[in-house]
Every structure is written in structure tokens, then in C-alpha cells.
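Here the structure comes first, spelled out in C-alpha cells, and everything after it is commentary.
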Amino acid sequence: LEYSLCSSVFMSVIYVTAGFTSLVLLRDTVNGQYIFWLVFVGAWVTDTMAYFSGMLFGKHKLIEEVSPKKTVEGAIGGTLFCGLSFSLFGYIVSLITDVKMSLLMLFFAGIIAAVVSQFGDLSASIIKRQNGIKDYGKLFPGHGGVLDRFDSIIATAPLLLIFFEAYNKL
């Protein structure tokens, strides 16, 4: 019970606040009006392509006791597609604006974002399992609640903020 309470307090106060604050700060960085969208692209592409990659190629369970349907092959597929989607995003931005971003750097950022995105999703699943709940709320029936829609985004935003701030200082 004590561990569960500490996890809940951490998730609800520090983790969620840091994640959403990072979204705002990321928007204010160099080229933030474009980079900001990578948080969402990364979370959604990773989740979607992990699902499809897992359905097509999945044979090995990732962490069955935490998320029984997730597979290693799905995680790898989601990660690769996220890297590719970041590079594609950068290419499209460079076609329609004056902004030029390194496609290799974006691919690398996408790989990192995908891994962190999946950790964010799995962390939320662990907390739900430890507390014996299926969903964080009833607002989105069958989708795990509001926090399940944002768990990957909350985890990815601080990482991308740090990554792009560091990259911009080079």
C-alpha cells in the first residue's frame, strides 16, 4: 500500500506536471512550432506501428505480466517507424518552410522518443496493475482513461525538450 501511494503521488504531481510543462517549454524552443508536434507524432506512431508490427510479426511477449498483448517485435517495429516518421516529418517541414533539420538527427531523436514512449506506457500499466484497476477513468471507455491517452506523451515531452535544447546548443 505504501509503495502504491508513493507511485500515485509521484505520477499525479511530479510526472504529469513535468510532462505537460515540457510541452509548453518545447513549443518555445528554436523551431518549437514544428518540434512540438514530434511529441505527439512519436507517441501515436510508436503506439500504432507497435500494434500493427506486433499483430503481423509478434511471437515473443515483451512483459506479459504488465501488458499481455505487447510483443518484442511490436516494440521494435514501433521504434523503427517512429524514427522514420521523425525524419519524414523533418523532410516535409523543410519542403514547406525555411527550416532545415538534420534527418539523421531526427531519426535518432525518434528512436529515443519511441523507447521512452513505450516506457511511459508500460509504467502506467504497472501502476494500474498494482492498484487492481483496468482504466484510469471512464471518460474514454475502452481506452484506459485520460491518463492512458497521454502516458507516452507525458514521458516523451521532457526527453525531447532536453534533446532539442542540447542539439540547439551545439
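Worth knowing before you read on, the calculation uses all heavy atoms, side chains too, and leaves out hydrogens, waters and symmetry mates.
- Within the structure, the side chain to side chain donor-acceptor pair (under 3.5 Å) test picks out the following pairs touching residues 104-117 (sequence neighbours left out): Ser117-Ser152.
- Within a 6.0 Å sphere centred on NZ of Lys59, other residues, nucleotides and ligands contribute 12 heavy atoms or fewer.
- Summarising the geometry of Lys69 relative to Lys61, their closest heavy-atom pair is CA-NZ, 4.3 Å, with the distance given to 0.1 Å.
- For Phe20, the CZ atom counts as densely surrounded, since its 6.0 Å shell holds more than 12 non-hydrogen atoms of other residues, nucleotides or ligands.
- Linking ILVMFWY side-chain heavy atoms closer than 4.5 Å, directly or via other members, places Met49 and Trp44 in a single hydrophobic cluster.
- Placement of Phe163 and Val41 within a single hydrophobic cluster is found when ILVMFWY residues are connected by side-chain heavy-atom separations under 4.5 Å, directly or transitively.
- Between Leu23 and Ile153, the closest heavy-atom pair is CD1-CG2, 4.1 Å.
- Here side chain to side chain donor-acceptor pair (under 3.5 Å) pairs that include residues 71-85, with residues two or more places apart or in two chains, are His60-Glu73, Thr79-Gln118.
- Residues Pro158 and Ala18 share a closest heavy-atom pair of CG-O, 4.1 Å.
- Ile63 has its side chain out of reach of Lys70: every pair of non-hydrogen atoms, C-beta onward, lies at least 4.5 Å apart.
- Few gaps surround CZ on Phe40; more than 12 heavy atoms of other groups in view lie less than 6.0 Å from it.
- Neither Ile14 nor Ile162 shares a network with the other; the hydrophobic side chains, linked directly or stepwise wherever heavy atoms of I, L, V, M, F, W or Y lie under 4.5 Å apart, form separate groups for each.
- Proximity of Phe164 to Leu38: side-chain heavy atoms (C-beta onward) are separated by under 4.5 Å at one or more points.
- For the pair Leu84 and Phe107, the minimum side-chain heavy-atom distance is below 4.5 Å.
- Residues Leu159 and Val30 do not share a hydrophobic cluster, clusters being chains of Ile/Leu/Val/Met/Phe/Trp/Tyr side chains in contact below 4.5 Å.
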Apply side-chain contact (heavy atoms from CB on, under 4.5 Å) to Thr29 and Leu26, showing your working.
CA-CA 5 Å; Thr29 63; Leu26 188 59; 4.1 Å; yes
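- In this structure, Cys82 and Ala114 approach most closely via the heavy-atom pair CB-CB, 3.6 Å.
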Go through it in stages, so that I can follow the logic: the residues are Phe89 and Tyr34, the test is ring pair (Phe, Tyr, Trp, His ring centres under 6.0 Å), and I'd like the CA-CA distance, side-chain angles, deciding distance and then a yes or no.
CA-CA 9 Å; Phe89 181 89; Tyr34 307 111; 7.5 Å; no
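- Heavy-atom minimum distance, Gly120 versus Ala155: CA-CB, 3.7 Å.
- Here the closest heavy-atom approach between residue Phe86 and residue Ala113 is recorded as CZ-CB, 3.9 Å.
- Looking only at distances, a side-chain donor or acceptor of Ser87 sits under 3.5 Å from a matching main-chain atom of Leu103.
- Rounded to the nearest 0.5 angstrom, Ser102 OG and Tyr167 OH are separated by 4.5 Å.
- Ile35 places none of its side-chain heavy atoms less than 4.5 Å from the side chain of Leu160.
- Using a 4.5 Å heavy-atom cutoff, the side chains of Thr97 and Asn31 are not in contact.
- No path of Ile, Leu, Val, Met, Phe, Trp and Tyr side chains, each step under 4.5 Å between heavy atoms, connects Phe119 with Ile112, placing them in separate hydrophobic clusters.
- Taking OG1 of Thr46 as the reference point, atom CG of Asp121 lies at 10.0 Å (rounded to 0.5 Å).
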